Amino acid sequence: MRWSKSYLPTYKEVPKDAEIPSHQLMLRAGMIRSLTSGVYSFLPLGYRVLHKIETIVREEMNRIGSQEVQMPVLHPGELYEETGRLKNFGELLFQLKDRRGRLFALGPTHEEVVTDIARAELKSYRQLPQTLYQILVKFRDEFRPRFGVMRAREFMMKDAYSFHASQESLQETYDSMAGAYHRILERFGLEAVQVEAESGAIGGDINHEFIVLANAGESVIFRCPSCGYAANDERAVSLGASTLEKESSGKMETVATPGQHTVEEVSGFFKVSPQRLVKTLLYKSGEKNIAALVPGDRELNEIKFAKAIGDPDARPMTPEEVTALTQAPVGFAGPVGLDGVHIVADELLNDYDGMIVGANQADAHTRGVKMGRDFTAAQVARISMVVEGDRCTNCDTGRLKLSRGVEIGHIFKLDVKYSKAMGATFLDKDGQEKAFIMGCYGFGVSRAVAATIEQHYDEKGIRWPKALSPFHVIVTPLNLSDAGTVSTMESIYTDLGVAGFDVLLDDRDLRPGPKFKDAELIGVPVRVTLGERNLKDGRCELYYRLEDRTDVVAITDVVAKVREYYAL
RNA sequence: CGGGGCGUGGCGCAGUCCGGUAGCGCACCUGCUUUGGGAGCAGGGAGUCGGAGGUUCAAAUCCUCUCGCCCCGACCA
């Protein structure tokens, strides 16, 4: 490609609406342009990367026997009524009506559609297992689109779906899909971690996320360095803090704590660690009042809490409801003497002797409170979030470490959730009609572009891993007024192209400075610099962006050198 | 949706408080010079100041409504 004839606009300045490095660099390098919030065009440079990602994903999917299909983007609303997801997906679903007023949705994912396909054709266990995948645009009306293509409302996803007659068969495909994801990420040159996760709107129980480690990522994961346990923050469990400061339960005592609402304020007031406090969080589940008790240094894990009480629709009480129940303003609730409230205590509180809690009166807390003696928990369950440094549940010796990252893939065992709801059945060996056991496997293709940049950039711009760079080589002639430079650049450009490399020829009539800056910004791993001072000796310079290394070579050796570099 | 910020040539911004008919840097076009790290000189093109309504002799500036974008929180590939 010749730069002078290409749509490759670059910006020197950082666009003001872009926050994270990948978004800034994608805009500056002319990879994407925003049409409206969360909706992007991929310009030639960005599209090339997207295409390389798709190609690798496709190769690895085909390799494990997954078959490529293309399902519709436009979905009839009834399909979602069958599985109850019209309500479940809620406002995340882009909905529209046809001219007759019939409801449609823009596909956010394709469990319903693929299950509809399968129920028509797959009738016998002899036809199983089957795995189908597609690489298709998806639509989700995100509450908050953010960070460019990282969280967009329209995005490219690879989604695969598998159908099985047995759990063993599902496990086999699940494992080979995880293996494919690892190979894909390795080929991309990304450092990623597979973690246990929660399933969200997709459903099912067993599921894993693939997290590309990056500071700008929105996902938080915990890992144990000694046994390898890894889970996202929603799923993670632990044995609690490595050191627990104990509060004596000798005598219960109510202390005036004027104006001290937050954990920080109260622990500061008592001059103790926040651990010794216990937060009382009040929820409404229908008409029922529920109190969640968690250690003062931890957040409530709402997913685990919802599971514990068996109500996904439980909501925090409004300040008015809190005041009506506790006779005190928000910030002073406690479990002692809370009548008519179902108390759910975090499992970690079993290790507590005494605790400091709200006194259910304004400006007062009670210390020395003992669970079982001073109040009774109706239920004990692990409902608090993990914090860094916690003892690992899996091995009890490691201390959990927190990392941030980008969720690039998510695989799920769906079991019969969709097949059962949609009556998708087959005849098994034993002559019984059974619902398909299913799995589904998502991979964020457009997100992968951004995630890759998050892991590969420097102050100069993007540093594309070899496999994903939009070009293998950029040829940079420094002086287009020099006839020798021009003829050399043409022959090198041709030779590299013939050798099978993607080559960008920077034939713009610019001075060297801006050309170098642009080449570094768009991140091509190899630059061939053609300057008169080397050309007169029949040589030119190779600059390796990833290694930050330069090499002066004979012009006749350029193709061989580039070939050698990419063969490594 | 709740909270905050911002909309002025392609990009980044000033001007808004205190009304007087739009400016700076970069980019772009033409010419000459220059050619190993975002060149110099000269000339030039480009903006209904997000939109609608209002106040006024006069509105980027004041008032009302509205649309959009970004950031912080609840979702997920």
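Please read these numbers as outputs of a predicted model, since none were measured by experiment. To find a chain, count down the sequence lines: A is the first, B the second, and so on, and within it residues start at 1.
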Enquirer: For B:C32, give its Watson-Crick or G-U wobble partner with both distances under 3.5 Å, or none.
Expert: B:G40
Enquirer: If you round to the nearest 0.5 Å, how far is CE of A:Met61 from CE of A:Met177?
Expert: 5.0 Å
Enquirer: Report, as yes or no, whether the 6.0 Å neighbourhood of atom CD on A:Gln67 holds more than 12 heavy atoms from other residues, nucleotides or ligands.
Expert: yes
Enquirer: Any ring pair (Phe, Tyr, Trp, His ring centres under 6.0 Å) pairs touching residues 516-554 of chain A, not counting sequence neighbours?
Expert: A:Tyr544-A:Tyr565
Enquirer: Which nucleotide, in any strand shown, forms a Watson-Crick or G-U wobble pair with B:G20, with both distances under 3.5 Å?
Expert: B:C57
Enquirer: Taking any strand in view, what nucleotide pairs with B:G2 in a Watson-Crick or G-U wobble way, both distances under 3.5 Å?
Expert: B:C72
Enquirer: If you take the centroid of each ring, where Trp contributes its six-membered ring, are A:Tyr40 and A:Phe155 closer together than 6.0 Å?
Expert: no
Enquirer: Output one letter per nucleotide in nucleotides 34-41 of chain B: B when a protein non-hydrogen atom lies under 4.0 Å from the base, S when only the sugar-phosphate is that close, - when neither is.
Expert: BBBBBB--
Enquirer: Which residues pass the side-chain hydrogen bond (donor to acceptor under 3.5 Å, both in side chains) test with A:His75, not counting sequence neighbours?
Expert: A:Tyr80, A:His110
Enquirer: Return the pairing partner of B:G47 with a 3.5 Å limit on both distances, Watson-Crick or G-U wobble; otherwise return none.
Expert: none
Enquirer: Touch check for A:Ala152, heavy atoms < 4.0 angstrom, all strands: base, sugar-phosphate only, or nothing?
Expert: base
Enquirer: Rounding to an integer number of Å, can you tell me how far A:Asp233 CG sits from B:C76 P?
Expert: 13 Å
Enquirer: Any strand counts, and the cut-off is 3.5 Å on both contacts for Watson-Crick or G-U wobble. Which nucleotide pairs with B:A27?
Expert: none
Enquirer: Taking for each residue the nucleotide of RNA chain B bearing the nearest heavy atom, is the 5' side occupied by A:Val14 or by A:Phe155?
Expert: A:Val14
Enquirer: Tell me the partner of B:A52, counting only Watson-Crick (N1-N3 plus N6-O4 or O6-N4) or G-U wobble (N1-O2 and O6-N3) with both under 3.5 Å; none if nothing fits.
Expert: B:U64
Enquirer: Can you list, pair by pair, the side-chain donor-acceptor contacts under 3.5 Å of residues 7-19 of chain A, counting residues two or more places apart and other chains?
Expert:
| from | atom 1 | to | atom 2 | distance (Å) |
| --- | --- | --- | --- | --- |
| A:Thr10 | OG1 | A:Asp518 | OD1 | 3.0 |
| A:Thr10 | OG1 | A:Asp518 | OD2 | 3.2 |

Enquirer: If the condition is side-chain hydrogen bond (donor to acceptor under 3.5 Å, both in side chains), which residues does A:Glu532 pass it with, not counting sequence neighbours?
Expert: A:Asn479
Enquirer: Summarise protein proximity over nucleotides 69-74 of chain B in one line of letters, 5' to 3': B for base, S for sugar-phosphate only, - for none, counting protein heavy atoms closer than 4.0 Å.
Expert: SSBBBB
Enquirer: Roughly how far apart are A:Asp346 CG and A:Lys304 NZ, rounded to 0.5 Å?
Expert: 9.0 Å
Enquirer: Determine the interatomic distance between P on B:U48 and the same-named atom on B:C11; round to the nearest Å.
Expert: 14 Å
Enquirer: When the C1' atoms of B:C70 and B:C18 are considered, how many whole Å apart are they?
Expert: 30 Å
Enquirer: Hey, what's the ring geometry for A:Phe412 with A:His410, parallel, tilted or perpendicular (30° and 60° as the breaks)?
Expert: parallel
